[in-house]
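A note on names: the letters A, B, ... follow the listed sequences, proteins ahead of strands, and every chain is numbered from 1. Computed from a predicted structure; not experimentally measured.
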Amino acid sequence: MTSPNPRQRELIESTDGCYLVDAGPGTGKTFTITRRYAEIVEQDDVEPDDILLNTFTRNAATEMRDRIVAHSEYGARELRDAPIGTFHSLCNDILREHGFDAPSHLGLDEAITRSTSVLEDETIEGKYFREFVGKFTDDHPEHHDLLRAISDPDDILDVIKNLAANGVFPTMEGWYRDAEEQLYGDADAFEAVFEELNRPRNGGSKQSELRESLTDYDSDACYLPDAPSRAEIRGESGSKAIPGHVRTRVFEEDREGLLAFVHDVYVEYLAFALSRNYLNFSFLQLFAFVHLCENEALRDRLTFEYVMIDEFQDTSEIQFKLALLLAGTENVCVVGDWKQSIYSFQYADVENITQFQDRLHRFVEDLNSDRSRIDASFDEVNEIELDRNYRSTQAIVNRSEDALVVPGTGSEEVDAEAVLEDVVSLEAETDADHSHIEAIQHENEHEAVLTKIGEIVGNEEYAVRDDRDGGGSDGLRPPRYGDIAILTRTRDFGRELLATAEEHGFPMAYEGGVELFRTDPAKLLLAWLRILEGGTDEDRGWAVVLERAGYTLDEMKHVLSTGSYPSGMVAFRDELDGLETVSAVAHRVFDRYGYDGPTAEVLSTTIQSVYDATTMTRGDLIRFIEREVESGATHEVTAAAGSNAVRVQTIHAAKGLEYPIVILANMNANKFPSTGGSDGRIVYDERFGLRQRTCYGEAHDQPHVYDNWYWDVLKCCRPTEYDEERRLLYVAMTRAEDHLVFTAGEEPNTFLEELPVAVETYEPAVERPAVGETVQTRFDVGIPEPAGPRGYSPHSLMNDEVFEAVDEGRGAEYGSRVHNFAERYALGEDVEPRSDEEDEHHVAELLDSFEGELRVEEDAYMPLEVDGEQVTIRGVVDLVHVAEDAVEIVDYKTVLGRHAEDEYRTQLSVYWHVLNEVYPDRAVTASLFYTAEGELVEMEPLSKDVIGSLME
DNA sequence: GATTAGAAATTTTTT
DNA sequence: ATTTCTAATC
């Protein structure tokens with residue numbers, strides 16, 4: 001794009017006033033915003049410091065900055081400190097500069113200083129939070145009943161963060177501004193949604209959606225005695241809507257105790273975090289907002305003449321309000337696309353953009369309610385729609401709009417007309433009509449995908465447009481591997497696919513988690529840390545460093561035994577020793593070895609955050625790295641792009657990117673859209689406020705936890721919606737420039753079936769491609785972590801090969817069905833073999849043939865000494881047959897799993913040792929029962945020594 | 001069409 | 001823990 005189209009020009013040149021810009025995918029949004037920024041900054045009386053430009057991610061901010069530098073009279077140096085960044089970085093800057101007494105507005109004594117760090121690692125925050133909850137529990141016996149009903153402290157942290165994102169803050173004495181009101185909910189909004197859901201359907205002949213959802217009320221629930229019965233809730237049989245009094249009754253639930261609890265835990269955690277000198281991302285925004293709200297002088301100083309926000313559909317309520325507090329004029333411009341709002345789990349609120357005017361005026365009024373904070377009245381909001389798509393062909397544009405109205409389940413009814421009314425239809429810039437939009441399906445989806453890629457690459461049929469940015473005509477050329485991206489909903493599918501690709505020698509790169517501390521930069525860093533620390537591990541450090549420097553084994557032995565280290569290395573050690581922080585050490589080490597890629601960068605920040613967050617010594621850090629190496633923890637590293645490889649990404653990660661050919665994989669039933677899942681124990685919703693899903697009462701003179709009937713009604717008032725899932729589908733489809741392929745395995749999901757695209761059965765026939773120079777990313781499949789700090793499950797003893805063999809061979813569903821049956825049969829439950837399932841008959845026959853007692857054992861623990869350390873191996877015993885003088889363990893396997901006997905033997909051996917201890921005077925045997933053949937095979941158990949050796 | 005019971009599934013990611 | 005889909009019965 002070299003010059004803006006008329007709509008873009010309008011946005012670029014309309015620098016003053018309030019603008020809401022609907023910029024769909026591929027409409028040249030970044031181009032237009034950067035030009036607008038340049039236009040504004042070129043005015044005589046405007047400096048970069050007067051313009052706030054906010055985006056969602058650091059990457060996006062960096063890209064904006066680069067493109068502005070390229071198109072304005074300002075250079076990189078002058079724009080270095082310009083306020084172009086994320087909301088979080090902005091809040092961080094504000095608090096760092098001026099935030100010292102920000103907590104005082106909430107009545108908190110602790111201050112925010114330059115040494116207050118931002119905790120990026122959620123696992124570390126989780127650790128702190130659990131410590132805090134322990135302390136809180138001790139301090140507050142009056143909240144014990146409530147705490148009893150919460151098993152996972154993370155639930156509490158979740159609700160705190162949710163409240164913070166919605167602008168609900170506590171003070172020492174009570175709640176900040178009108179927060180308490182919000183916590184009780186919005187009666188009008190609740191009434192609206194309730195009445196809508198309670199309207200009888202089919203012109204009054206069919207019961208309302210709400211009444212239907214409440215069919216399950218009271219099933220499997222244990223309420224306090226005063227809870228209304230199902231009949232009271234649902235009205236008499238045959239009625240079409242639930243009685244009106246139910247609405248007011250659930251809305252007016254007594255929540256004083258809950259509010260008191262949430263208040264105390266919230267405000268005390270704020271104090272705790274400050275006393276430990278850290279803030280999380282939510283609190284960063286919380287304090288920045290409060291400070292700007294209360295400190296008039298500061299607000300005057302900080303407000304900007306121009307405010308621009310990109311990706312506005314991804315902002316939260318608190319971010320919208322922050323932007324208003326920072327706007328000194330009406331010159332506010334928000335750019336976004338409601339159709340691409342896919343971050344609600346990050347508290348993004350799509351209504352910020354769909355209800356922009358309403359919210360704008362409501363928030364301004366709210367912020368001005370007790371004193372005047374915002375001068376601008378925003379009487380006029382100009383809306384600009386960008387409707388030219390420079391990315392995709394018209395065919396892809398049209399299909400993607402279908403995605404916004406496809407039902408997510410067979411029974412979901414989407415009001416297509418209402419949705420499409422809000423869609424600005426895009427017109428493709430190109431008139432090329434070469435697009436393939438197709439869907440393939442085969443049981444073996446991985447190989448089908450690879451076969452399809454093989455068919456596409458180099459194929460004129462799937463030609464892609466070339467040289468578009470050069471301003472020339474759309475020449476077509478055959479596609480390469482690097483033109484293709486595979487997008488999936490889940491990371492797991494991407495990883496599995498990559499494993500298959502590796503087997504077949506396909507050039508494919510996965511952009512996701514990497515076992516960070518097992519990489520070379522990490523090993524060298526650990527080595528130098530060990531050298532610095534001295535002691536017994538110093539030699540291990542030197543060995544790595546010397547090996548890296550090219551010393552032979554004999555030379556290394558000599559150097560280590562005499563201590564005559566090379567003088568350059570000694571000098572480097574002394575230099576490192578003089579550095580104050582561990583992260584400075586890391587930087588110097590990476591520098592020395594020329595590691596400047598993404599891996600080194602992520603390592604630095606990870607170490608920095610761990611070191612900052614805790615009061616770790618260098619020795620602690622060494623042990624931290626050792627633990628990370630051992631557990632194989634993964635961290636995000638974005639691989640270098642540019643090689644000719646197919647990219648695999650999640651849809652979320654692909655947002656903002658574009659690819660000539662997009663393969664949208666794993667469109668399988670129950671995968672996308674996904675169902676199920678659960679919320680925390682305490683839930684906040686704007687409409688019905690703060691609620692707890694359980695309640696408490698006395699039984700047998702003891703406090704007990706009960707199901708909360710209020711919640712059981714309320715949860716039906718927020719039925720599952722697939723709106724965001726549709727938007728996710730939309731985002732995925734609109735990444736494609738030229739071609740779009742959907743793939744499914746077993747059973748295509750509703751989305752795929754309802755889209756106007758024919759699904760064809762596709763026979764995979766993977767051919768190993770003749771790949772020239774390509775870079776292939778390796779991905780190691782991690783073995784599941786053992787439960788407990790020092791426990792090992794037999795599963796964790798498996799090596800990769802065995803694990804894969806088991807995973808493929810077992811046929812999870814098949815095996816677990818037989819297993820399930822065996823257990824229930826042994827327990828004497830009333831189960832009959834299914835008439836068509838031979839396996840179950842075999843199992844029943846076997847079990848009937850046993851004399852004596854059949855038992856299902858839950859857990860077995862075997863203590864073991866490994867490398868002088870005491871460890872406990874934990875496993876689940878399946879079925880134990882105890883006779884007078886013999887004990888037998890039986891494990892059920894289909895014949896499919898035969899080749900994975902190694903793994904079975906490890907498991908059974910663990911059980912065998914355990915049972916030998918429990919029944920010292922009976923003969924213990926371990927057997928596998930191959931159900932498909934009706935064959936019982938006795939296993940030779942492994943010795944404890946062998947099992948121990950497997951654990952290294 | 002209402003009701004009931006049972007089976008089979010069940011995350012995404014950024015600051 | 002929650003959801004969808006199915007089948008059977010009223």
For [Y], is there an ion pair with [X] - N to carboxylate O distance below 4.0 angstrom?
| X | Y | result |
| --- | --- | --- |
| A/R726 | A/E412 | yes |
| A/E212 | A/R234 | no |
| A/D723 | A/K339 | no |

Sugar-phosphate only, base, or nothing, as touched by [X] at under 4.0 Å among non-hydrogen atoms:
| X | value |
| --- | --- |
| A/R727 | nothing |
| A/F672 | nothing |
| A/S282 | nothing |
| A/Q207 | sugar-phosphate |
| A/K655 | nothing |
| A/Y722 | sugar-phosphate |

Item checked: Upstream residue (5' side of DNA chain C) when A/T750 and A/K715 are each assigned their closest nucleotide -> A/K715

Which one, [options], comes nearest to the side chain of [X]?
| X | options | value |
| --- | --- | --- |
| A/Q346 | C/dC5, B/dT14, C/dT2 | B/dT14 |
| A/W711 | B/dT15, C/dT2, B/dT3 | C/dT2 |
| A/T490 | B/dT3, B/dT15, B/dT11 | B/dT11 |
| A/R693 | B/dT4, B/dT15, C/dA1 | C/dA1 |
| A/T409 | B/dT15, C/dC5, B/dT10 | C/dC5 |

Starting at [atom1] of [X] and ending at [atom2] of [N], how long is that distance when rounded to a whole Å?
| X | N | atom1 | atom2 | value |
| --- | --- | --- | --- | --- |
| A/N749 | B/dA8 | CG | C1' | 16 Å |
| A/E725 | B/dT11 | CD | C1' | 8 Å |
| A/R211 | B/dA2 | CZ | C1' | 8 Å |
| A/N666 | B/dA9 | CG | P | 14 Å |
| A/D314 | B/dT12 | CG | C1' | 13 Å |
| A/F345 | B/dT11 | CZ | C1' | 9 Å |
| A/D155 | C/dA1 | CG | C1' | 12 Å |
| A/K240 | B/dA2 | NZ | C1' | 8 Å |

Note to self: So, taking the atom named OG1 in A/T55 and the one named CD in A/E311, what distance separates them when rounded to the nearest 0.5 Å?
What the structure shows: 8.0 Å

Check: If each of A/A669 and A/T57 is mapped to the nucleotide of DNA chain B with the nearest heavy atom, which maps nearer the 5' terminus, i.e. the 5' end?
Finding: A/A669

Margin query: With nearest nucleotide decided by heavy atoms, which residue, A/S89 or A/S208, maps closer to the 5′ end of DNA chain B?
Written below: A/S208

Note to self: Would A/D349 and A/S316 count as a side-chain contact (heavy atoms from CB on, under 4.5 Å) here? Give the steps.
What the structure shows: CA-CA 5 Å; A/D349 193 339; A/S316 62; 5.7 Å; no

Notebook entry, point to check: Under 4.0 Å: is that the gap between some side-chain N or O of A/R234 and OP1 or OP2 of B/dA2?
Noted result: no

Margin query: Is there a side-chain contact between A/K671 and the phosphate of B/dT10, meaning an N or O under 4.0 Å from OP1 or OP2?
Written below: yes

Checklist line | Check against side-chain contact (heavy atoms from CB on, under 4.5 Å), A/T116 and A/L279 | finding: CA-CA 7 Å; A/T116 305; A/L279 293 173; 3.9 Å; yes

Next item on the list: Determine the interatomic distance between P on C/dT2 and the same-named atom on B/dT13; round to the nearest Å.
Entry: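 C/dT2 and B/dT13 have their P atoms separated by 24 Å.
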
